[in-house]
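Atoms considered below: every heavy atom in the structure, side chains included; atoms not considered: hydrogens, waters and symmetry mates. Read the numbers this way: they start at 1 and go in the same order the structure lists the ligands and their atoms.
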Amino acid sequence: MARECMRLVLLLIVHLGLTYGSRRANLLRSHADMVVVNPPAPEPSGLCEAVVTPHGYPCKEYEVTTGDGYILSLQNIPRGRLQKGIEEGKRQPVLLQHGILMDGMTWLLDNPDESLGYILADSGFDVWIANTRGTQYSLNHQYLDPKKKAYWAWSWDELVEYELPAIVGFVHTQTGQKIHYVGHSLGTLVALASFSEGRLVDMLKSAAFLCPIAYLSHMTTPIGQVAAKAFIGEIMSSLLGIPEFNPKELVVADILTGLCKQSGFNCYDLFTSLTGKNCCLNSSTVELFLKFEPQPTSTKNMVHLAQMVRNGILTKFDYGPAMNMLHYAHFNPPVYNLSHIPNDLPLFLGYGGQDALSVVPDVQLLLDSLKFHDVDKLSIQFVEDFAHADFVMGVTAKSIVYDAIIAFFNRHY
Ligand SMILES: *[C@@H]1O[C@H](CO)[C@@H](O)[C@H](O)[C@H]1NC(C)=O
Ligand SMILES: *[C@@H]1O[C@H](CO)[C@@H](O)[C@H](O)[C@H]1NC(C)=O
C-alpha cells in the first residue's frame, strides 16, 4: 500500500509535467514558425522586465545568496500603478512564495486587477516575489553548475534550512519591518515546516497559506485509475537517475510520453485530474502560464514529497535506516512537529473543496495540529468551488480570497 501511494504521487507530478510540457511544445513550435518571418526579440532579463513593468508598475530585481550557495532572484514591486506620491518606506512588506513546478510568475498571470501580486501593490503593500532555486530566474550558484548533478542535490528540507531564511532575512533587512508571508502549495509546506522549528517567526507579522500542504495521504481518486494502469517501477528508477526533474527536457519528456501511452489515459485532462476541477480560470491566463511554466525542480524534492504520502507524517528526507544514521544520527528522519508552531502567530488558511492536491481531509489533519492555536490568530476560509489553481489564477479569486487576505493583514498590522 505504501509503495502504491509513493507511485501515485510520482505519477501525479509526472502527469502534471506532461500536460503542461506537451502543450508548451506546441506553443514553442508556433513560435518557431514566426521566427522565419521576424527575428525574435531578445529574452527579457528578469521577471520585472518580462511581465511587471509592461503593466505600468515599478519593479526592481534583487539577488539573494543562500547559505548553501544558491543565487536567487527576487522582485520588488514597491507600490501600485496610481500611487506615485506615497512614501514607500511606510508600506507593509509582503513576501509571495510560489509552489512546486512554478516560479514567481504565479502571482502575476492574470490581469492586474485579478492577480495577487498587483492587487497587493495597488492596495498599498510593498510586494516581494521569491523564485525557488532551479527555476528560470534563479539558476545561479556560487560554484555549482545547474547542468551538473550536485546542483540538484536538495529537497524541501534545504528550502527550510537555507532558502527561506535567506529570502525572509533579506526582505526584513531591506524594509526594516516585519513581513506578511503568502505561500501557495509547496510555499505553504516550507513555511509550516520552518515555523514548527521556530524559524522565521520573529521576522513575520503573519502568514497566509493558500492550498496548504502538510499532509498528503488522502489524495483523491481519478489519478488512482491512472496509477493502477501504468507501469511505474520502471519509470521511477529512470527518474531517480536524473537529478533534475525538468518536464521540458528530452529524457523526462520521453518517459512522460511513454507513460501516457501505456496508461491509455487522456493526458490532456490530467491537469484537471491533478489540481482538481478549477472553476474559474481564464484561457488567456492559462496560455500565459504555458508560455512561462512549468519550471524544473529536483528529483530528490519529488521523492521527498512522495515519502510524505507514504508515511503520513511530516519528516525530513528519509534516506533509509543506514544513511539516516549518517545524516541524522538516528534510524528515522527527524519529525517536523506542526503542533510546535507558535500559537500566537497570525495564520490565514484558504483551501478549496475541489482541490485534488491539498484535499479537504488532509487540510483537516493540518487544522487538527493547530487546534491549540489562539482563536483570534487563526482565519480559515473554505471555498467549495475552488481547486488548486483557482487560488492563484482564478478570475474571481480577488473578491473571494484576496480581499479577505488583505483584511487579515490589516488586522495584524
Ligand atoms: C481574460 O483575459 C483577457 C486577456 O487578458 C481579458 O481581456 C479578459 O477580460 C479576461 N477575462 C476575465 C473574465 O477576466
Ligand atoms: C508533537 O508534539 C506534541 C507536543 O509536544 C506531542 O504531544 C506529539 O507527540 C508530537 N508529535 C510527534 C509526531 O512527534
Side-chain angles (χ1 to χ4, degrees), residues 2 23 27 30 44 47 50-57 81 105-122 156-157 160 189 191-199 201 212-218 271 277-293 304 307-318 324 328-345 347 361-374 377-378 383 385-387 389-403:
R23 291 172 69 178
L27 212 95
S30 58
L47 198 49
V51 289
V52 182
T53 45
H55 279 305
Y57 289 79
R81 284 172 294 184
M105 188 70 189
T106 301
W107 312 103
L108 309 165
L109 282 163
D110 276 312
N111 295 329
D113 51 359
E114 295 167 337
S115 305
L116 185 59
Y118 299 123
I119 289 169
L120 285 170
D122 283 329
W156 57 263
D157 284 335
V160 171
L189 171 62
L192 286 163
S194 300
F195 300 166
S196 79
E197 295 188 326
R199 296 174 188 269
V201 288
I213 286 189
Y215 302 103
L216 282 175
S217 40
H218 293 93
F271 177 53
K277 198 170 181 335
N278 295 285
C279 64
C280 305
L281 304 187
N282 183 340
S283 57
S284 4
T285 306
V286 175
E287 218 165 275
L288 193 61
F289 174 80
L290 293 171
K291 186 171 159 198
F292 286 92
E293 318 294 315
H304 194 181
Q307 290 175 351
M308 289 166 60
V309 178
R310 183 181 54 182
N311 299 339
I313 56 168
L314 201 54
T315 70
K316 293 189 194 279
F317 191 89
D318 189 349
N324 283 341
Y328 310 118
H330 203 279
F331 287 121
N332 296 313
V335 172
Y336 291 104
N337 189 333
L338 296 182
S339 57
H340 295 169
I341 294 175
N343 287 335
D344 59 353
L345 179 66
L347 297 180
D362 284 332
V363 176
Q364 299 294 356
L365 279 178
L366 168 61
L367 290 173
D368 199 48
S369 318
L370 299 173
K371 63 177 174 244
F372 297 120
H373 211 81
D374 295 356
K377 297 289 167 62
L378 189 59
V383 188
D385 291 346
F386 268 25
D390 285 316
F391 280 90
V392 284
M393 287 157 62
V395 292
T396 55
K398 178 182 187 296
S399 57
I400 296 175
V401 185
Y402 304 159
D403 287 348

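- Residues satisfying the ring-ring contact (aromatic ring centres under 6.0 Å, His included) criterion with Phe386, sequence neighbours excluded, are Phe391.
- Residue Glu114 has at least one heavy-atom neighbour below 4.0 Å for each of these atoms of ligand 1: 12 (C), 14 (O).
- For Asp385 (side chain) and Cys279 (main-chain N/O), no donor-acceptor pair under 3.5 Å exists by modelled atom type.
- Applying the ring-ring contact (aromatic ring centres under 6.0 Å, His included) rule to Tyr402 yields no partners; only residues at least two apart in sequence or on another chain are considered.
- Taking a heavy-atom cut-off of under 4.0 Å, ligand 2 is surrounded by Asn337, Ser339, His340.
- Counting heavy atoms under 4.0 Å from ligand 1, residue Thr285 does not touch it at all.
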Assess the residue pair Tyr118 and Asn111 against the criterion (side-chain hydrogen bond (donor to acceptor under 3.5 Å, both in side chains)); give the C-alpha distance rounded to whole Å, side-chain angles, the decisive distance to 0.1 Å, and a yes or no.
CA-CA 9 Å; Tyr118 299 123; Asn111 295 329; over 6 Å; no

Side chains of residues 191-198: which donor-acceptor pairs under 3.5 Å do they make with residues two or more places apart or in other chains?
| residue | atom | partner | partner atom | Å |
| --- | --- | --- | --- | --- |
| Ser194 | OG | Val190 | O | 2.7 |
| Ser196 | OG | Ala193 | O | 2.7 |
| Glu197 | OE1 | Arg199 | NE | 2.8 |
| Glu197 | OE1 | Arg199 | NH2 | 3.4 |
| Glu197 | OE2 | Lys316 | NZ | 3.0 |

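- Within ligand 1, counting atoms from 1 as listed, the ones closer than 4.0 Å to a heavy atom of Asn111 are 5 (O), 6 (C), 9 (O), 10 (C).
- In summary, the atoms of ligand 1 found under 4.0 Å from a heavy atom of Asn282, numbered by their order in the structure, are 1 (C), 2 (O), 3 (C), 8 (C), 10 (C), 11 (N), 12 (C), 14 (O).
- Asp318 places no side-chain N or O within donor-acceptor distance of the main-chain N or O of Pro333, the cut-off being under 3.5 Å.
- Residues His373 and Leu347 come closest through the heavy atom pair CE1-CD1, 3.6 Å.
- In terms of modelled atom types and a separation under 3.5 Å, the side chain of Asn324 and the main chain of Phe331 share a donor-acceptor contact.
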